[in-house]
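In each ligand, atom 1 is the first atom listed, and ligand 1 is the first ligand listed. Quick caveat, the model's predicted, so the values are computed rather than measured. Heavy atoms only: backbone and side chains are in, while hydrogens, waters and symmetry mates are out.
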Amino acid sequence: MKPIDVKSLTEEELTRQFADLGYPAFRARQVKSWLDKGCTSFQEMLNLPATLRSQLEERYTIPGVTILRRLDSRLDETAKYLFGLSDGETVESVLMHYHHGWSQCLSTQVGCRMGCSFCATGMGGLSRNLLPSEMLSQIETAQADKKIRVSSIVLMGMGEPFDNYENVLRFLEMLSEPGDVHIGMRHVSLSTCGLVDGIRRLMKEKLQLTLSVSLHAPNNEIRSRLMPVNRRWPVEELLEACREYIDATGRRISFEYAMIAGVNDSDACAKELARRVKGMLCHVNLIPANEVEGKQHRRSSRERLAAFSGILEKSGITVTVRRTLGADISASCGQLRRQCAKSPEKTGDMQTEVKSAERYEIYPGREE
Ligand code: SAH
Ligand code: SF4
């Protein structure tokens with residue numbers, strides 16, 4: 001039988017399972033309190049009888065992440081982690097410092113199967129979904145490593161959150177449970193490539209989080225070229241679901257728009273985008289696209305970016321340009337993992353390679 005992830009269970013669920021096994025409820029409470037303290041092994045739960053500890057070890061696991069690499073920016077306090085999972089898989093996460101505190105960009109899947117043409121994460125396809133406890137552990141591990149408290153998170157690392165819906169929702173619930181991590185929903189952003197069924201499901205939960213939608217193009221012709229998901233849910237359907245989401249939650253949506261030279265950055269694109277989103281409770285976040293090894297696309301120039309945002313502003317659309325943090329280390333999400341997979345033994349080379357990769361500026365970061 002596959003061991004159960006004990007950390008992703010609520011106290012109620014654990015108590016029920018313990019009752020089925022003939023253990024009293026207070027044992028479940030004891031185990032929960034060890035887990036909340038960051039305990040990673042049943043053998044360390046010293047107030048449990050040794051026989052129970054061994055039985056628990058057979059039946060349950062305590063998944064978590066370990067730090068395989070940490071790249072520290074020399075420009076600011078940004079740190080990029082490569083985390084190892086218990087089955088040997090790896091995911092990335094970035095810790096950023098803002099005047100309002102520490103923000104962490106988390107992964108929700110190992111890889112991604114959405115295949116967006118500009119994205120490094122999508123290049124290797126999907127390996128597996130992350131468990132709720134593995135998402136939480138990214139925060140716990142970074143907090144313990146840097147001796148800080150993370151006050152906001154963005155689900156913008158590797159993976160498509162709505163392709164791992166149940167686990168992501170359970171993880172969001174865990175943010176308000178006792179333990180070392182306390183993050184209110186208003187300090188959570190979730191980014192999707194536009195899975196309309198996920199947007200419709202989330203709107204029923206009425207959560208106070210910020211929904212980001214990766215739009216990246218104003219029409220189907222360009223969007224379908226960049227993002228295969230658009231063939232399933234075209235721009236009109238996506239924007240309709242976004243309008244419904246805004247009506248249902250009263251929350252502003254953030255549209256992410258990666259500026260790719262000669263592809264989606266013309267004046268005509270800006271005007272079309274403005275027409276599409278006019279009147280919506282939203283803002284547009286322009287991201288100078290990261291150039292990815294093995295991909296053709298190039299980042300738009302500063303001048304293009306300024307002209308594009310100018311057109312949106314003139315049409316009354318709120319627009320921000322993503323700020324640069326950790327410019328010297330931020331190979332866009334998915335790149336560090338790919339580099340390590342290529343030559344795991346060459347730690348030194350990999351570090352130098354990434355540190356000098358100025359051309360991989362910007363992602364991730366967050367507008368202020
Ligand atoms: N799968 C989700 C969240 C993870 S990707 C999504 O697609 O929204 C997080 C953000 O990074 C998305 O807006 C995505 O489009 C963007 N992104 C991916 N690769 C990028 C690149 N090379 N340059 C700029 N933005 C990129
Ligand atoms: Fe997946 Fe998001 Fe990358 Fe698209 S941009 S491949 S959805 S991680």
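Note: no N/O pair closer than 3.5 Å links Ala258 and ligand 1 by distance alone.
Contacts between Glu160 and ligand 1 below 4.0 angstrom, taking non-hydrogen atoms only, involve backbone and side chain alike. If you look at His216 next to ligand 1, the close heavy atoms, those under 4.0 Å, all belong to the side chain.
The number of heavy-atom neighbours closer than 6.0 Å to NZ of Lys37, taken from other residues, nucleotides and ligands shown, is above 12. Residue Arg53 places its CZ atom among more than 12 non-hydrogen atoms of other residues, nucleotides or ligands, all under 6.0 Å distant.
For the ligand labelled ligand 1, residue Gly159 lies inside the 4.0 Å heavy-atom shell.
Close approach of ligand 1 to Thr192 is summarised as follows: ligand atoms under 4.0 Å from at least one heavy atom of the residue are 6 (C), 8 (O). Atoms of ligand 1 found under 4.0 Å from any heavy atom of Ala289 (numbered from 1 in listed order, with element): 23 (N), 24 (C). Atoms of ligand 1 lying under 4.0 Å from any heavy atom of Glu256, numbered from 1 in the order shown and given with element: 13 (O). Atoms of ligand 1 found under 4.0 Å from any heavy atom of Val292 (numbered from 1 in listed order, with element): 22 (N).
In this structure a side-chain-to-backbone donor-acceptor pair under 3.5 Å is missing from Gln208 to Arg186. For Arg70 (side chain) and Tyr81 (main-chain N/O), no donor-acceptor pair under 3.5 Å exists by modelled atom type.
Between the side chains of Gln104 and Ser93, a donor-acceptor pair is found at a separation under 3.5 Å. If you check the side chains of Asn47 and Trp34, you find a donor sitting under 3.5 Å from an acceptor.
Of the candidates Ser214, Cys116, Ser254, the one placing a heavy atom closest to atom 8 (O) of ligand 1 is Ser214. For atom 5 (S) of ligand 1, the nearest non-hydrogen atom from the set Cys119, Gly157, Cys193 belongs to Gly157.
Inspection of the environment of atom 4 (Fe) of ligand 2 yields the following protein N, O or S atoms under 2.8 Å: Cys116 SG.
Remark: minimum distance from atom 2 (Fe) of ligand 2 to any protein heavy atom is reached at Gly159 O, 4.5 Å.
In terms of hydrophobic clustering, with Ile, Leu, Val, Met, Phe, Trp and Tyr side chains grouped at heavy-atom distances under 4.5 Å, Leu190 and Ile183 are assigned to a common cluster.
The aromatic rings of Tyr60 and Phe42 are tilted relative to each other, their planes meeting at an angle between 30° and 60°. In this pair, His297 and Phe118 present their aromatic rings perpendicular. The plane angle is above 60°, beyond the 30 to 60° band.
Side chains of Val235 and Asn219 form no contact here, defined as non-hydrogen atoms less than 4.5 Å apart.
The only option from Thr121, Asp163, Asn164 that meets the side chain to side chain donor-acceptor pair (under 3.5 Å) definition with Gln109 turns out to be Asp163.
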